[in-house]
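The sequence lines fix the lettering, A, B, ..., with proteins before strands; numbering per chain opens at 1. Side chains are part of it too, since the values below use all heavy atoms of this structure and drop only hydrogens, waters and symmetry mates.
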Amino acid sequence: MIKQLVGLLAVLAVAALFVALLPLMAPTELGPVTRHYVEQGLVENRGANLVTSIVVNYRGFDTLGEVTVLFLSVSGAGFVLRRREGLVPEPQRRSSELVQTASRVLFAPIVLFGAYIFVHGHLTPGGGFQGGAVIASAVLLLLLADRDRLLPHGFLSVIESFSGFGYVVTGFVGLAATGSFLANRGVIDLGTWNRLFSAGVIPVIYVLIGLKVGSELATLLDTMMHADQAGEGHR
Amino acid sequence: MNLLSLHALAVGTAIVLILVGLAGALVRRNLLKIVLGFSIADSGVNLLIVTLGHIPGRTAPIIDDPKLLKDAGSLVVDASKVVDPLPQALVLTAIVIGVGVTALMLAFVVRLYAQGKSLDIRDFGRLKW
Amino acid sequence: MVSPILLVAVPLGAAFLLPMADRLGRPVARGLHLLTLLFAGGLALRWLMAFQAGAPAELITTGGWPPPIGISLRFGVEEAVLVLLAAAVAFVAALHLARREQASDVRGLVIQLLLVTGSFGLIMTRDLFNVFVFLEISSIATYAIVAFGREREGLEAGFKYMVVGSAASIFVLLGIALLYKATGTLNLDDMLNRIHDVPPAVAPLLGGVLLLLATGFLVETKMWPFNGPAIDLYDGVEPGVMALVVGTVVNAVLWTFWKVMLLAGDAWVSTVVMTVGMVTFVVSNFLAIRQGRVRRMLGYSSSAQLGLLVFLLPLVRDGHVPLLAAALLLVNHTLAKAALLWLAGLHGGETMEDWAGAFRGRVALGVTLLTSVVAITGLPPFPGFWGKWEVVASLARSPFAWWILPLLLGSLFEFVYYFGWLRAMRPDEDEGAAPIVSGAPFGILEAVAPLLMAGALLAYGLWWTAFMLPPDAVALLGLGLLGLVLLIVPGRVPRARAGLALVAMLVTAWLVLPLKVELLLGTFEGLFGAIVLLGGILVALAGLGTGNERQGHWGLLLVLVASSLWILRAETLLAFFAAWEIMTWSSWLLVRQGRRASRAAWLYILFGAGGGLAVLGGFAVAMGAGVDWIRDLGHLSGLPALAAFSLLAAGFLAKAAAWGLHVWAPGAYSESPDTFSPFLSGVVSKLPVFALMTVAVRAGGEVLGARMLPVEPLHAVAWIGGLTALGMTLLAVFQEDMKRLLAYSSVGQVAYAIVGFAILSPLGWSAALYQVVNHFLFKTMLFLAVAGVIYRTGARRFSQLGGLITRMPVSFVFVLVGIIAVAGVPPLSGFAAKWLLYQALMEKGWFFLTVVMMFASVVAFPYLFRLIHSIFLGQLRDDLRETREAPWPLLAAQFVLLGLIMALSVFPGAFLASVDRVIAATFGGTGLRYEQWLVTGPLGYLSGPGIMAMVMVLFVVLFLFLFFAGPRPVKVKQLDIVYAGEVPPPPEQVHVAYDMYRHYKRAWEPALRSWVVRFWNFVGETADGIAETGRKFYTGNGQTYLLYTLLFLAILGLAWASAAPAGASPAGPGERAVATGACDPGTGPEAAAEPIERDPGAGGTFPAAATLCPVGARAAE
Amino acid sequence: MEIRELVGALVTLGGAAFLFLGALGIVRMPDLYNRMQAGTKATTLGNILTLAGLAIYEPAWLPKLLLVVLFVLMTNPVSSHALARAAHRGRVPLSDISVEDALAEAYGETAEPAKEARP
Amino acid sequence: MIFIDLVVCLLAIVSAVWAIIARNLVSAVVLAGVVSLAVSYLFLRLAAPDVAMTEAAIGAGLSTVIFLIAVRRTEEEEKR
């Protein structure tokens, strides 16, 4: 009890620190770097969505790292929950016919919707991550409708691997063409502002990210749902 | 600063969320609650960062309207009309990273539960001193 | 050349492809993994060579944009070294882990590879948010890889680690975002420039932001009080995995912390970081001394070493300590800790007891373990030593000199537990306990991993050593190298090894010693060098006869001889100290080879290493005054001179086993292997005398003469010497074990030389030097003689011996001559030594001390008598009837010594005259005059040949009288006693030689009660108790650790808020920000309009004088 | 122009009314199953009407709105179906005035979860 | 408008506190999802539609689902 009290006091003191820092959080004019992003973003990348330009091009290296984090967490969760040999998961109860059919019917439109989101990532809000999450929700639907359903792991894994590798390869293309990893300018034609085929390699990368995120999140859901339940107990 | 402005509200909410999340992680003994606390604190941090880039009265950094350009001829954008897009880009990354960490933590919780049949953090302190 | 960005990109691509490769078969995936690491290591190596050739650091852009716009990375020498190190450790780790069953999941490989990749990115990136991303990658990989370990413990530790790590990453992210808000950029180099142009309204707040960031990184680097989960991780997770983490993520995070600290010019945050780092170093090392679980102990050690490095960050940034020093420490720790962890994994022992007899019979692994421990405790010739020295040296010259004190203290604790671990590994042979060899069986691939690391350490260390040796000392290096080779090369042929050592030392003697005797004895170096080499040669000669030494004995002896010679030749403080430390550890390892030497060796190294730290402290004082050369030590004056002298004297006296610091000595001298005891007692004990005479005295400078203090420092030293001589002699009387008796005698006899030194007059030094040579001769001879007896009989206790005069007559003669020499009676050399000493004491006016010394030398008779009486005289025991004379090489060695004793006895003048030249060079005059055979001192004269002739005549007369007129011996049965009702004592106790002086013992009991031993026991127990209580700090509850984290931030946050200038006070911050107008949209600061293409190559050139808070404070006023 | 906007607004209002009725049903109905029925049926219609109103108001959005309607039509009934079944399986009691539990008969369960008095 | 914002902010805070206090894990998780949703609305109001979408899809949606799965995984065995 005392510990919890001390904990609350500590949180309050941290609050005081934040309050002391409040003046820093007031609105300020754009800084020099971000001013460049805003003013030159269209000129340099042709992508209508400036956030996408930053995420995929100016700070594309971060995003590569971000994709890696996701990949890593999913692999890690899978590694932690990996099935021990000889353990077969218990069969689960199935949902009603209606739900199963509906989920199968809905699967394709939802995936399509996800794809729509990441294909338009450079034009409208949303992009690879959001689209990927939508695709994962389609998979979730399938999994919920029929818990014994085993996802086509091979297929997912192939998509996961090759989209990730494709991302790196795109970076190499930039390196080869301009001498800078993940470069956009000078790789393919930037196209016209506010069109689907514009913004150079940004849509390409976002599609790859969308595929990768979608397959990864699907794997994650599958891992969590079908996790090995048998503990080793107290060894 | 006007205390009833969106900006002030967002900053306040963000800080409170961070603190509530941390307090939850500090006070609750259930492993899932601890993870939940960090998840809430993460939301708070993300909100705070986006708020740092917010400038009242400006639009989102999506240039689908020629009115946002400086002049019709070039593609140079008028920087005084949109909010700072950089923190938004950072938060996008942070959200995904956050969910990754959460997923891994939950995997740990599931595994720990499978072995210890408990969710109380005090039952998982066999290594000490 | 290929762009370094590939160091990140290629492993990432490979990691993505690994699951695909695994579908083709596990070997394909593993091959891809190894190839990727090889590629990374090779690339880093190529760049490193390019940098060596003068290439500038490479700036890498991404996305096609120059730094402030796009994310940029830097690849310079530092990054190349870290990447190379990480790639190397990861490669070896991959080999090591290959066979573990857990690796059967390809995701394990993915995580391993991403762990390394994350570290590479973290090392190279120059963008703050990118730092966060890569920090998360490496942290998540660390969390995930925990699942390699024993299930439950590893997962528990991993979860706790995650809880604390999550809080840390929240702090880091917030800190980075707020820094962006304040400076408008995320690029580190850009931010370094812009951080000075922060609007004055928010400038004072930067301290708080940096505090957030620093707290995050202090947690990430596992500083106290946040190191609980990290230590649990060491405890619970497969050690092979932890080695990988240590080699990659830990270093990368530390380097990132360094980058962040570039921003914190703020003195306040820097002080916090320094303090936390040093506290971690001391506390972690201290708590580890009570740690019975080996892996956990290694965890504490890691935390401590990292603490030292964190402590250095601000100092290196401000130019107080060179980066190279920190780099050496880091490389040293990485390699050594990785090797130790792998070894811990191979052995599998959990507690100290499990480690008894570890790696017995596996010489290569045993040597690897020793190498790693010696390296990690910062002893030469390993890189950590050079790093630590450089740190101390530069700290001494900086305003932060006082930090050396905790640094030395923490190092002392480090010795305690590491050497305690080694002690547990080799319990005394009669402590029973069969060696427990647990752990899974392992293959060559696993075993080779630690070998590679230790080999790299040794190679790197020797490379440095070759630089540090004086250029003409190649012979010494050769000798040492040969020793190391002998140490490592397997095979058990002690005689051949002894022969090789003998030849090597003869060659060295030929090379390094001037052949003319006068020249030889006319310098300190020559005199002591002759002792060292002669001692070594004779011991090796004796070794030809025994041949029962453990493996490594002769190799270590060569290392010891080389380092001893190096001590004599050293001209710089560094060279001296390095040699001194090598001498300490090599002799310790030799002591440790004794069969019951476990405790003795442990005490030996504790006092030896502790004394070494005192010496280092003394040198630090000297360096603080600008002295680097031993010959310049005389320039010291005033308080520094006194401090330096006191510390040096304490260190050297500890090595000489002066009273109060002598606890280690009897055990070490007596429990050493029989062929090493002569060298330890005869030769090694003389080195502190040399050091006192040539080093400490100079450091004392004018202080010694000027009587700055009420008590003359040297008078105190003299009394310490006197007490040692008396006390040890008294104790020697009651010993039942002949080696132990000689051990006490040695300590007492060396004390004579110390007293002579402390008199600080020409006469006193003559006495001291004479005693040094004298003691070397007779004590080496006595120990060799005793070694012969033990070799033939296997007995050490007097009650097991007796009457050997008929079986070992030659040995008897040597012992007889030896004890006469010790006793200081005419005609042998000991008499001259004492004659000189008493004269010097009286000349000085220390009459009371003279009496004490005289009493001490009288008390020596009873114990000397025992050597003859109980071993050789009396009736021969039945079980010793078959005993033969000692092997000829032993006798030959003693014969040489006998000859020298005779020469010294007959011609003391010749020796003293040549020694006088040294003394004259020191004092500007001598205390003695020489005419033909006569030596004349202030109180009389001495004629060697005259005395000899006189005594010979007396002796012959006496002998003839006894022979013809003396009583005849009567033969009785031994141990045949009739009991009448009482409980019979064990047969041993009724032997005539058992407890011979028990009557005196009763009388002297109170005086003999060893207060010193009690004192040291008390110190040890108290420290243990405190450490035991202190460990309770780590409750094992993840939430408690989280609480520590928040409390730390809370307390420091409050401290900052209250200490910060007025502008930062929380009162009405909102209004303030608006009032200054800095945040007014539309009228942004002019800086925004500047062209943002800054110099892309600008590195971290941060003006040292710039502090953030004061600037803001001025502006706010 | 104005007429179209007015019509659109009216249709949307109709949708809102249905949604309100659905909410009312949730408050008023005696047990979970009844509430769910009210909530689903009324809101499906309400949603569609609202979307239709929007389509009239802004004809350019028609294709997208059609998709949304389709989506609502497919998901709303299915999800409420799944919820109701889950509730039944979770033994959420029926209200006292319910007379028949067809699902229980379909499963052939003997022990009826229905008619349990609420605590 | 600002009052809606205020209500949403209060909703976020109250849900957060309630999520921490709640005994039932499922309600706690759902309440945390509500927090995410409210924050997502605030993102939209702060002119960050991209972030809002991400938070809604990943923070409120996916994250909640994973939590729920974890809750189920840790409850199931207690019944057996």
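Remark: the N49(A) side chain and the T124(A) side chain contain no N/O donor-acceptor pair separated by less than 3.5 Å. Side-chain polar atoms of S180(A) and T61(C) form a donor-acceptor pair below 3.5 angstrom.
Not one N or O on the side chain of R59(A) forms a donor-acceptor pair closer than 3.5 Å with the backbone of V56(A). Side chain of T34(A) to main chain of L30(A): no donor-acceptor pair is present (N/O by atom type, distance under 3.5 Å, no hydrogens or angles). A donor-acceptor pair under 3.5 Å links the side-chain atoms of T1045(C) to the main chain of Y1041(C), judged by distance alone. At least one donor-acceptor pair under 3.5 Å links the side chain of S161(A) to the backbone N or O of F16(C).
Neither the backbone nor the side chain of Y143(C) comes within contact range of chain A, judged by heavy atoms closer than 4.5 Å. L114(C) touches chain A through its side chain: at least one heavy atom from C-beta onward sits under 4.5 Å away, while N, CA, C and O do not. Interface remark: L1054(C) contributes side-chain atoms only to the contact with chain A (heavy atom separation under 4.5 Å). For L1043(C), the part lying under 4.5 angstrom from a heavy atom of chain A is the side chain only. Using a 4.5 Å cut-off between heavy atoms, F134(C) contacts chain A through its side chain alone, with no backbone atom that close. With a 4.5 Å cut-off on non-hydrogen atoms, I5(C) touches chain A through its side chain but not through its backbone. Only the side chain of D127(C) comes within contact range of chain A, with at least one heavy atom under 4.5 Å from a heavy atom of that chain. For F61(A), the parts lying near chain C are the backbone and the side chain together; criterion is any non-hydrogen pair under 4.5 Å. Of the two parts of F162(A), only the side chain, counted from C-beta on, holds a non-hydrogen atom closer than 4.5 Å to a non-hydrogen atom of chain C. Heavy atoms of L73(C) lying under 4.5 Å from chain A belong exclusively to its side chain.
Your options are R23(C), K181(C), E136(C), and the one with the most heavy-atom pairs under 4.5 Å with chain A is K181(C). Among the candidates I111(C), T185(C), V10(C), L1042(C), the residue making the largest number of heavy-atom pairs closer than 4.5 Å to chain A is I111(C). Chain C forms more heavy-atom pairs under 4.5 Å with one residue of V69(A), D62(A), N57(A) than with any other, namely D62(A). Chosen from S75(A), S163(A), G76(A), A77(A), the residue pairing most often with chain C at heavy-atom distances under 4.5 Å is S75(A). Among I60(C), I1051(C), L18(C), L186(C), the residue making the largest number of heavy-atom pairs under 4.5 Å with chain A is L186(C). Your options are L178(C), L1052(C), V209(C), and the one with the most heavy-atom pairs under 4.5 Å with chain A is L178(C). Note: V158(A) leads V201(A), V158(A), V169(A) in heavy-atom pairs under 4.5 Å with chain C. Contact tally against chain C (heavy-atom pairs below 4.5 Å) for V168(A), V67(A), L72(A): the top residue is L72(A).
Residues F118(A) and Q130(A) have side chains not in contact (no heavy-atom distance under 4.5 Å, counting atoms from C-beta outward). Side-chain contact between F132(C) and S169(C) is present, with at least one heavy-atom pair separated by less than 4.5 Å. Under the 4.5 Å side-chain criterion, counting only non-hydrogen atoms from C-beta, L7(C) is in contact with M124(C).
Nearest heavy-atom pair across G236(C) and E153(C) is CA-CB, 3.9 Å.
Only one option out of N187(C), T62(C), T125(C) pairs with N130(C) in a side chain to side chain donor-acceptor pair (under 3.5 Å); it is T125(C).
Listed by chain and number, the residues in a salt bridge (charged side-chain N to carboxylate O under 4.0 Å, His left out) with E39(A) are R35(A), K70(B) (sequence neighbours excluded). Among residues two or more places apart in sequence or in another chain, the salt bridge (charged side-chain N to carboxylate O under 4.0 Å, His left out) test is passed with E66(A) by none.
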Show every donor-acceptor pair shorter than 3.5 Å between a side-chain atom in residues 2-21 of chain A and any protein atom, with sequence neighbours excluded, or say none if there are none.
residue	atom	partner	partner atom	Å
K3(A)	NZ	T1040(C)	OG1	3.4
Q4(A)	NE2	V27(B)	O	3.0

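Note that CD1 of I176(C) and CG of L135(C) are 8.0 Å apart. Values are rounded to the nearest 0.5 Å.
For residues 171-179 of chain A, heavy-atom neighbours of chain C at less than 4.5 Å comprise F172(A), L175(A), sorted by residue number.
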